[in-house]
2 protein chains.
Amino acid sequence: MSQEPRGVELGTSLGYLLKEASSALRASMEAVLRPLGMTVTHYSCLELLAQRPGLSNSDLARGTFVSRQSMNVLLLALERDGFVTRPDKAPVGKALPTQLTALGRSRLASASAAVRAVEERMLGALDDASRLEARRILSGFVTSLTSGDT
Amino acid sequence: MSQEPRGVELGTSLGYLLKEASSALRASMEAVLRPLGMTVTHYSCLELLAQRPGLSNSDLARGTFVSRQSMNVLLLALERDGFVTRPDKAPVGKALPTQLTALGRSRLASASAAVRAVEERMLGALDDASRLEARRILSGFVTSLTSGDT
DNA sequence: TGACTCATGTCAACATTCTGACATAGGTTA
DNA sequence: TAACCTATGTCAGAATGTTGACATGAGTCA
């Protein structure tokens, strides 16, 4: 250790703090998902699929913030393990609507509970008003950052 | 597109929103750093080093939320390009204190300005009170999530 | 109809990061 | 002193993710 315990003026950057919080959340999620034999990427995909059945590969990629190529290899694995199913042929266009299987749903259930517990721990003693404020602030970040994107 | 425009109850998860904001920030940073021939990882390392000269490889890894093996390959590249320097032998223990070179400092200057502009755009119309509130909330997230870590 | 644009799925090559492992330096404690 | 324990740097292998590229299906518009 070549430095004093903790940050000085680096902690004044909200961007750094945002990254720090996001990393801490991901680490905590990985910690509770590992005993269940699941990764954060797997969970994110299944959770998204549970809330919005029939999403395509590209939809899922956007929703989990990865490239559609990465999502494709993930879906192949999930398909091989029997967690999701995709039709052989696209009903319309090229998009293949993905569906959770019963096995996928049951595996997701325990993982979802674990993740929800982590999120609740993250929110800690934040009252409802503060949670609303947090949502307002974070939503503002996203819209401000993505406003210029065509 | 196999779904309606935007989220429904998925947007109620502060964890998802946190990840979304962090991803948007990283994408915006990549966009402004690419013209400068720099990646987010490079910038993070240099910025950390500018604010805390003499950090070791492991220190930098912790500060940028990557493994020390990854940081090592990054430092080798930065060293090769003449942005940082490390002594051949450790002055104490095994930790090698890293220093920015003049070239590294000058390259960092423009990148730092660009990133600061992105952060300011993210904060948008947030007044000082809201920024304080944001810092309070995000700091709370980090401490709540990492409280159980020995 | 035909040309154009856009989104999608998929292939290949590359880059990045991580995990596992090992030896070493320093501190702690019996 | 000697036996731990922790932290560090580094090597090797594997997993994961990305970019670039291509063909296909659907909609748009002259």
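Bear in mind the structure is a predicted one, so any value in this text is a computation, not a measurement. Below, chain A is the first sequence line, B the second, and so on; all start at residue 1.
Listed by chain and number, the residues in a salt bridge (charged side-chain N to carboxylate O under 4.0 Å, His left out) with A/Arg116 amount to none (sequence neighbours excluded). Residues passing the salt bridge (charged side-chain N to carboxylate O under 4.0 Å, His left out) test with A/Arg68, sequence neighbours excluded: none.
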Could you pull out every donor-acceptor pair under 3.5 Å between side chains of residues 82-97 of chain A and any protein atom, sequence neighbours left out?
{"from": "A/Arg86", "atom 1": "NH2", "to": "A/Glu79", "atom 2": "OE1", "distance (Å)": "3.3"}

Pair up each side-chain donor or acceptor in residues 21-32 of chain B with any protein partner under 3.5 Å, not counting sequence neighbours, and list the distances.
{"from": "B/Ser23", "atom 1": "OG", "to": "B/Lys19", "atom 2": "O", "distance (Å)": "3.0"}
{"from": "B/Ser28", "atom 1": "OG", "to": "B/Ala24", "atom 2": "O", "distance (Å)": "3.1"}

**Request:** Encode nucleotides 17-24 of chain C as B, S and - characters from 5' to 3', where the letter depends on protein heavy atoms closer than 4.0 Å: B to the base, S only to sugar-phosphate, - to neither.
**Result:** SBBBB-BB

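One side chain, A/Ser130 or B/Arg136, offers a donor N or O that lies under 3.5 Å from an acceptor on the other.
Between the C1' atom of D/dG17 and the CG atom of A/Leu75 lies a distance of 15 Å, rounded to the nearest Å. Per the geometry, CG belonging to A/Leu78 stands 14 Å off C1' belonging to D/dT16, to the nearest Å. The NE2-C1' distance, from B/His42 to C/dT16, rounds to 10 Å in whole Å. To the nearest angstrom, P of C/dA7 lies 17 Å from CG of A/Leu55. C/dA7 atom P lies 18 Å from atom CG of A/Leu96, rounded to whole Å.
For B/Thr146 (side chain) and B/Val142 (main-chain N/O), a donor-acceptor pair under 3.5 Å exists by modelled atom type. Using modelled atom types, one side-chain atom of B/Thr143 and one backbone atom of B/Gly140 make a donor-acceptor pair closer than 3.5 Å.
Bending across the helix from C/dT1-D/dA30 to C/dA30-D/dT1, expressed as the angle between its end axes from five pairs apiece, amounts to 30° (10° rounding).
Within the structure, a side-chain polar atom (N or O) of B/Asn72 is placed less than 4.0 Å from OP1 or OP2 of D/dT10.
Between B/Glu120 and B/Arg131, at least one side-chain nitrogen of the basic residue sits less than 4.0 Å from a carboxylate oxygen of the acidic one, meeting the salt-bridge criterion.
Distance from the side chain of A/Arg62 is smallest for C/dT8 among the nucleotides D/dT10, D/dA26, C/dT8.
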